[in-house]
There are 2 protein chains.
Amino acid sequence: MTLSEENYLKAIYHLSDTEGKGVSTNKLAEAMETKASSATDMIKKLADKSFVNYKKYQGVKLTKEGRLIAASVVRKHRLWEVFLVEKLNFNWDEVHEVAEQLEHVKSEKLIEELDAYLDFPTVDPHGDPIPDKYGEIQADKKVLLSSLKPGEKGICVGLEDTSKEFLQYLDKIKISLGIELKVLEKEPFDNSVVLQFNDQQLTVSAFTTTNIYVRKS
Amino acid sequence: MTLSEENYLKAIYHLSDTEGKGVSTNKLAEAMETKASSATDMIKKLADKSFVNYKKYQGVKLTKEGRLIAASVVRKHRLWEVFLVEKLNFNWDEVHEVAEQLEHVKSEKLIEELDAYLDFPTVDPHGDPIPDKYGEIQADKKVLLSSLKPGEKGICVGLEDTSKEFLQYLDKIKISLGIELKVLEKEPFDNSVVLQFNDQQLTVSAFTTTNIYVRKS
DNA sequence: ATTTAAATTTAGACAAATCTAAAAATAGTT
DNA sequence: AACTATTTTTAGATTTGTCTAAATTTAAAT
């Protein structure tokens with residue numbers, strides 16, 4: 001497993017949400033910030049090693065083996081993110097670049113010990129789930145904040161939009177993972193919502209409420 | 001800085017103990033487990049980037065800039081080793097391979113936060129000193145074993161008396177360079193000391209403790 | 001059903017880091 | 001000082017991952 005192969009597998013993994021058809025060469029090339037011809041070359045190599053199934057012009061799908069490798073890279077990435085935030089005082093929006101490097105460190109013991117050291121977290125600092133060592137993701141029944149009715153409460157467990165701008169905005173208004181949010185009012189005309197948390201009240205836009213996941217509490 | 005360049009600089013750094021002449025191509029190739037021709041190629045590249053001074057057939061020396069880079073890699077390596085042993089339950093002999101990978105992760109903040117998280121250690125689990133962020137190694141504050149108080153530990157780093165008799169005595173009781181000695185008790189009347197090392201306890205005389213240098217650990 | 005547009009693949013080239021084999025320089029020995 | 005032996009460098013080839021440009025296939029549109 002070279003670094004490049006791992007990154008391609010990870011990209012295919014992330015692009016494989018639509019279960020039906022394979023990931024297109026162009027989409028993959030775009031995600032990898034490279035050219036379609038390079039993607040084709042790598043796809044062939046991954047197919048040779050049977051990490052993906054590939055038919056010309058039909059896109060790629062991960063094999064069981066490829067998916068396990070990809071999931072393990074994602075697992076490492078997200079565990080390191082938790083480590084950086086919880087132990088080394090990184091902010092949400094600073095962890096990605098470093099985790100991109102750490103995720104490629106190879107050591108079974110390292111990652112299992114890290115997992116234990118962090119007390120077996122199930123989500124990363126952005127609320128994305130952490131695959132277990134078998135590549136399985138804990139099914140989670142998180143719902144959008146926008147789906148809560150006035151009077152209901154929920155614990156913030158994840159985000160839809162993980163752009164730097166959004167993360168910084170949340171940071172500014174002091175909404176973070178694990179915080180409990182209560183919906184006080186909903187304005188019907190623009191769907192903005194009045195929230196209560198940390199003994200304060202704040203009005204947030206519909207954009208915000210449709211990009212925050214909560215677990216009802 | 002590619003991974004390979006960093007590894008070569010590190011190797012040159014470790015081989016540069018004799019300050020007089022440069023590191024020979026063959027020695028470098030051997031340390032890198034590669035061929036002399038490959039070493040020559042890389043030396044040229046490093047010279048182009050002025051990380052080393054190089055004259056054909058004369059070996060290489062690090063420039064100030066090259067030494068700083070090498071020291072920073074060594075710094076990262078040793079800090080990660082401390083992390084692995086102290087936080088993730090690695091044994092001292094399991095850490096090297098993983099640290100070889102972690103040392104190449106690039107993030108100023110990461111390494112400074114890690115340093116603080118580990119409480120600014122000055123030596124790694126093998127007793128080797130950790131360069132500071134400017135590449136400087138804390139002047140060996142080696143002290144006499146006799147200056148340690150009960151409960152303190154030190155790594156044996158040198159001798160005052162190097163007579164054959166003393167060396168043979170140390171050999172017999174299995175005290176060698178690099179070994180960690182813990183002072184358990186001190187007898188006030190004759191200054192003899194009870195040491196613990198290698199899972200055994202032993203009483204040694206004041207003569208012995210005033211002729212062994214340790215670095216506190 | 002053609003024709004055009006878009007997506008994908010192929011072919012050939014390049015840079016990085018390595019190798020082998022051969023040439024050149026240095027060091028050691030008589 | 002001349003001859004070996006060793007060390008070091010050069011020249012040319014290889015592999016990995018990438019690129020550009022051209023060819024091919026699929027999709028879309030008239």
Side-chain angles (χ1 to χ4, degrees), chain A residues 1-18 20-62 66 69-70 73 100-101 103-106, chain B residues 1-13 15-18 20-62 66 69-70 73 100-101 103-104 106:
Chain A
M1 271 288 88
T2 70
L3 194 147
S4 200
E5 287 170 348
E6 284 191 353
N7 281 331
Y8 270 94
L9 287 178
K10 185 177 56 146
I12 298 168
Y13 179 86
H14 286 314
L15 292 169
S16 294
D17 39 0
T18 345
K21 56 196 72 157
V23 174
S24 84
T25 303
N26 259 8
K27 284 271 166 51
L28 181 54
E30 192 191 4
M32 291 299 297
E33 295 181 303
T34 184
K35 297 301 158 67
S37 55
S38 306
T40 300
D41 288 344
M42 181 56 84
I43 287 169
K44 284 180 186 168
K45 192 193 305 188
L46 294 174
D48 280 349
K49 300 187 172 185
S50 38
F51 297 143
V52 298
N53 289 125
Y54 170 58
K55 284 210 199 97
K56 279 189 191 177
Y57 300 98
Q58 307 284 121
V60 271
K61 285 189 221 176
L62 292 170
I69 293 172
V73 174
E100 286 286 300
Q101 300 176 65
E103 73 188 7
H104 299 291
V105 174
K106 281 161 193 62
Chain B
M1 272 286 90
T2 69
L3 194 146
S4 199
E5 287 171 348
E6 284 190 354
N7 281 331
Y8 270 94
L9 288 178
K10 185 177 53 143
I12 297 169
Y13 179 87
L15 293 170
S16 293
D17 40 0
T18 344
K21 55 197 70 155
V23 173
S24 84
T25 303
N26 259 8
K27 285 271 166 52
L28 182 55
E30 192 191 3
M32 292 298 298
E33 294 180 303
T34 183
K35 297 299 157 70
S37 54
S38 306
T40 300
D41 289 343
M42 180 56 84
I43 286 169
K44 284 181 186 167
K45 193 195 303 190
L46 293 174
D48 279 349
K49 299 186 173 186
S50 37
F51 296 143
V52 298
N53 289 125
Y54 170 58
K55 286 211 198 95
K56 279 188 191 178
Y57 300 97
Q58 307 285 123
V60 272
K61 286 188 219 178
L62 291 170
I69 293 171
V73 175
E100 286 285 301
Q101 300 177 63
E103 73 189 6
H104 299 291
K106 282 160 193 63

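Proteins come first, then strands; the chains are lettered A, B, ... in the order of their sequence lines, and each starts at number 1.
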Heavy atoms under 4.0 Å, any strand shown: does B:Ser38 hit a base, just sugar-phosphate, or nothing?
base

Counting distance only, does the side-chain N/O of [X] pair as donor-acceptor with the main-chain N or O of [Y] below 3.5 Å?
X: B:Gln101; Y: A:Lys106; result: yes
X: B:Lys27; Y: B:Thr25; result: no
X: A:Glu6; Y: A:Met1; result: no

Ignoring the backbone of [X], work out which of [options] is nearest its side chain.
X: A:Ala36; options: D:dT18, C:dT9, C:dT26; value: C:dT9
X: A:Thr40; options: C:dT26, C:dC19, C:dT10; value: C:dT10
X: A:Ser4; options: D:dT18, C:dT8, D:dC19; value: D:dT18
X: B:Thr25; options: D:dT18, D:dT9, C:dT10; value: D:dT9

When the distance from [atom1] of [X] to [atom2] of [N] is rounded to whole Å, what number comes out?
X: A:Asn26; N: D:dT26; atom1: CG; atom2: C1'; value: 13 Å
X: A:Tyr57; N: C:dT9; atom1: OH; atom2: C1'; value: 4 Å
X: B:Asp41; N: C:dA21; atom1: CG; atom2: P; value: 16 Å
X: B:Leu28; N: D:dT8; atom1: CG; atom2: C1'; value: 12 Å
X: B:Met32; N: C:dT18; atom1: CE; atom2: C1'; value: 11 Å
X: A:Lys35; N: D:dT20; atom1: NZ; atom2: P; value: 4 Å
X: A:Glu6; N: D:dT16; atom1: CD; atom2: P; value: 16 Å
X: B:Gln58; N: D:dT8; atom1: CD; atom2: P; value: 10 Å

Record whether the side chain of B:Ser37 comes under 3.5 Å of the base of C:dT20 through a donor-acceptor pair of N or O atoms.
yes

Evaluate the side-chain proximity of B:Ile12 to B:Val52: yes if any heavy-atom separation is below 4.5 Å, no if none is.
yes

Does the side chain of A:Lys10 come within less than 4.5 Å of A:Glu103's, by heavy atoms?
yes

Under 4.0 angstrom between [X] side-chain N/O and [N] OP1 or OP2:
X: A:Lys44; N: C:dT10; result: yes
X: B:Tyr54; N: D:dT8; result: no
X: A:Tyr8; N: D:dT18; result: yes
X: A:Thr34; N: D:dC19; result: yes
X: A:Lys56; N: D:dT24; result: no

Taking the nucleotide of DNA chain D with the closest heavy atom to each, which residue, B:Lys55 or A:Met42, is nearer the 5' end?
B:Lys55

